[in-house]
Each structure stands twice: as structure tokens, then as C-alpha cells.
Amino acid sequence: MPCGLPWQDFDKMADYFKSHYQVELQEKEMCVKGWNWGTARFNGQLLSFDIGEQSAFEIPLSNVSQCTTGKNEVTLEFHQNDDAEVSLMEVRFYVPPSQEDGMDPVEAFSQNVLSKADIIQATGDALCIFRELQCLTPRGRYDIRIYPAFLHLHGKTFDYKIPYTTVLRLFLLPHKDHRQMFFVISLDPPIKQGQTRYHFLILLFSKDDDLTLTLNMSE
């Protein structure tokens, strides 16, 4: 039963749903063993985590904002409810390796999530692209594609799509050698890489470098 509703109201609710929505209200027994291993099953818009024949929990995939993969691991991040005092940020699944030939089970799991998740998709061409920019946090070199609603960081290992609504402030700061500049992007919520959260995206530029960009925009 939904939280806060007594069991004796089940018949009343069943009659209400049947008369107004032509839907049969059914009882479903959930697994409460507390185990953290089981079977993930995809059923339409739902990801169900089952233990035996019983479901332990379900995740509406429309609530997923990001899906990242690692070695035998898939991490789901969720859209945040600003009105909620406490909300779930992410769930991480360990996916055991498969002995069968074919698609990587981690990739298969990820594709099942991405096909139904409400994730920012890059539609159309980027307004402009910065190639191989040096990023100090998260460390690495990234191609940065600028889209109308978000910027996309593409690296060798990780991808990030950062909506402009999460950008709080921009800073241009001098390096102590006076030959380079830091470009700092303050983010809330931060981007995540495993257990590490980055509240600041820090890019390093040389003052002596000239950069020519072609804007994919009409006059």
C-alpha cells in the first residue's frame, strides 16, 4: 500500500480506481530481505531490481538524468527535486562479466537505460567546438561542444553534458607564472566521476595561443 494509507482502505481505493479509471488495483508483495544482489529486469519505462520472484525496488527510467559506465559497473544519476529535503542522487550497479560471446553486459545494461532515460540529447550541430582543451579538474583533455542549452565535454574516458542552468558563476583568473589563465566554471549540482564530485570545472589557457573558431550560426 502507498505510504500513510491503512490496509483497510484497500477496498475503497480499488473501487475508486475501477469506477474512475477502469483499472484493477492489485496487491504486489515486495522483497524486504535487504539483500543488495539480485536481477535487474527492464520492463518498458521501469527498471525492476528483483530478488527471486519478488521485486525489491523499481526505478522509473524517466527519472534518470545521466548514465555512466565503468569496469563492471553502471551508475545512474537522477533528476533532483528542488522541493524535497532529501532526494536520491545516484544508484550504482555491479554487472558481473558474461562468459558468452556478444555484447558487453555493461554496455547492454547502459543501452537499455539510455533508450528510456530522460537524458540531455545532442540534436543538431554544435554552435562551436573547442578541440583538445586542457582541463585541470576533472583532469584530462576534452573536446568541448557548445550547444544552445548545454555544453558537452567529450574525453577519452568520460563524457559530461552540463546544462547552463547548473552554471552558477564564471571566473577568469591569472596563473602565477603570468603566462597562463584559468577559466573556472562553478557548478551546482556538481559533475561526478565515480565517488568524486567536481563543483568547479577548471580549464587552463596560454596567453600566447591564438584560437580560431567557426561559429555554426547564421548572421
Side-chain angles (χ1 to χ4, degrees), residues 28 30-81 86-124 126 129 131-145 147 149-163 166 187 189-201:
K28 182 176 181 179
M30 305 294 289
C31 180
V32 292
K33 292 181 179 179
W35 295 359
N36 65 344
W37 68 92
T39 303
R41 293 187 173 91
F42 293 91
N43 183 16
Q45 292 285 347
L46 284 180
L47 165 59
S48 176
F49 187 78
D50 299 342
I51 298 174
E53 297 301 319
Q54 295 177 328
S55 177
F57 61 86
E58 294 177 339
I59 299 175
L61 293 176
S62 59
N63 291 344
V64 176
S65 65
Q66 188 72 276
C67 178
T68 57
T69 61
K71 184 178 180 181
N72 299 124
E73 187 175 86
V74 179
T75 302
L76 308 186
E77 300 176 24
F78 302 103
H79 296 289
Q80 297 305 300
N81 183 353
V86 178
S87 59
L88 181 64
M89 297 289 293
E90 68 178 34
V91 172
R92 303 171 75 184
F93 292 95
Y94 171 78
V95 182
S98 174
Q99 302 300 322
E100 301 177 1
D101 294 334
M103 179 176 282
D104 178 12
V106 170
E107 182 65 22
F109 191 106
S110 174
Q111 290 302 319
N112 274 315
V113 172
L114 292 173
S115 65
K116 302 295 184 182
D118 183 18
I119 294 176
I120 295 175
Q121 299 293 338
T123 57
I129 303 175
R131 301 287 186 184
E132 291 289 316
L133 293 186
Q134 183 178 355
C135 191
L136 301 183
T137 58
R139 185 169 296 277
R141 288 193 174 272
Y142 291 85
D143 290 344
I144 299 182
R145 294 175 170 86
Y147 289 90
F150 67 95
L151 59 90
H152 178 199
L153 273 71
H154 175 71
K156 291 183 178 179
T157 306
F158 295 97
D159 269 19
Y160 302 98
K161 294 184 178 71
I162 303 175
T166 67
L187 303 171
I191 58 176
K192 294 186 283 293
Q193 193 178 98
Q195 296 281 33
T196 306
R197 287 165 168 77
Y198 296 100
H199 289 272
F200 297 94
L201 181 66

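Predicted model only: the values in this text are computed from it and were never measured.
- Inter-residue side-chain proximity for Leu201 and Cys135 is flagged as met; some heavy-atom pair is nearer than 4.5 Å.
- Formation of a donor-acceptor pair under 3.5 Å by the Thr137 side chain with backbone atoms of Tyr198 is not found in this model.
- Residues Pro190 and His199 come closest through the heavy atom pair CG-CE1, 3.6 Å.
- Closest of all the heavy-atom pairs between Asn72 and Tyr94 is O-CD1, 3.2 Å.
- A heavy-atom distance below 4.5 Å is found between the side chains of Phe42 and Phe109.
- Contact annotation: the side chain of Cys67 never approaches that of Thr75 to less than 4.5 Å [non-hydrogen atoms, C-beta and beyond].
- Here the closest non-hydrogen pair linking Gln66 and Val64 is O-CG1, 3.5 Å.
- The aromatic rings of Phe150 and His152 are tilted relative to each other, their planes meeting at an angle between 30° and 60°.
- Within a 6.0 Å radius of CZ in Arg139, other residues, nucleotides and ligands contribute 12 heavy atoms or fewer.
- If you take NZ on Lys28 and CD on Glu58, they are separated by 4.0 Å, rounding to the nearest 0.5 Å.
- Residue Ala40 comes nearest to Leu47 through the heavy atom pair CB-CD1, 3.8 Å, listed as atom of the first residue, atom of the second, then distance.
- Here the closest heavy-atom approach between residue Arg145 and residue Ala126 is recorded as CB-CB, 3.9 Å.
- Ring geometry for Phe57 against Phe49 counts as parallel: the plane angle stays under 30°, on a 0 to 90° scale with 60° as the upper cut.
- Between His154 and Asp159, the side chains place a donor N or O and an acceptor N or O closer than 3.5 Å (distance only, hydrogens not considered).
- The shortest side-chain heavy-atom distance between His79 and Ser65 falls under the 4.5 Å cut-off.
- The backbone N or O of Ser48 lies less than 3.5 Å from no partner atom in the side chain of Arg41, so there is not a single donor-acceptor pair.
- Contact check for Leu133 versus Tyr142: no side-chain heavy atoms found under the 4.5 Å cut-off.
- Between Pro163 and Thr166, the shortest heavy-atom distance links the atoms O-OG1, 2.7 Å.
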Exercise for the section: Report the C-alpha separation of Glu73 and Val95 in whole Å, then their side-chain angles, then the decisive distance to 0.1 Å, and conclude whether the side-chain contact (heavy atoms from CB on, under 4.5 Å) test is met. Expected result: CA-CA 6 Å; Glu73 187 175 86; Val95 182; over 6 Å; no
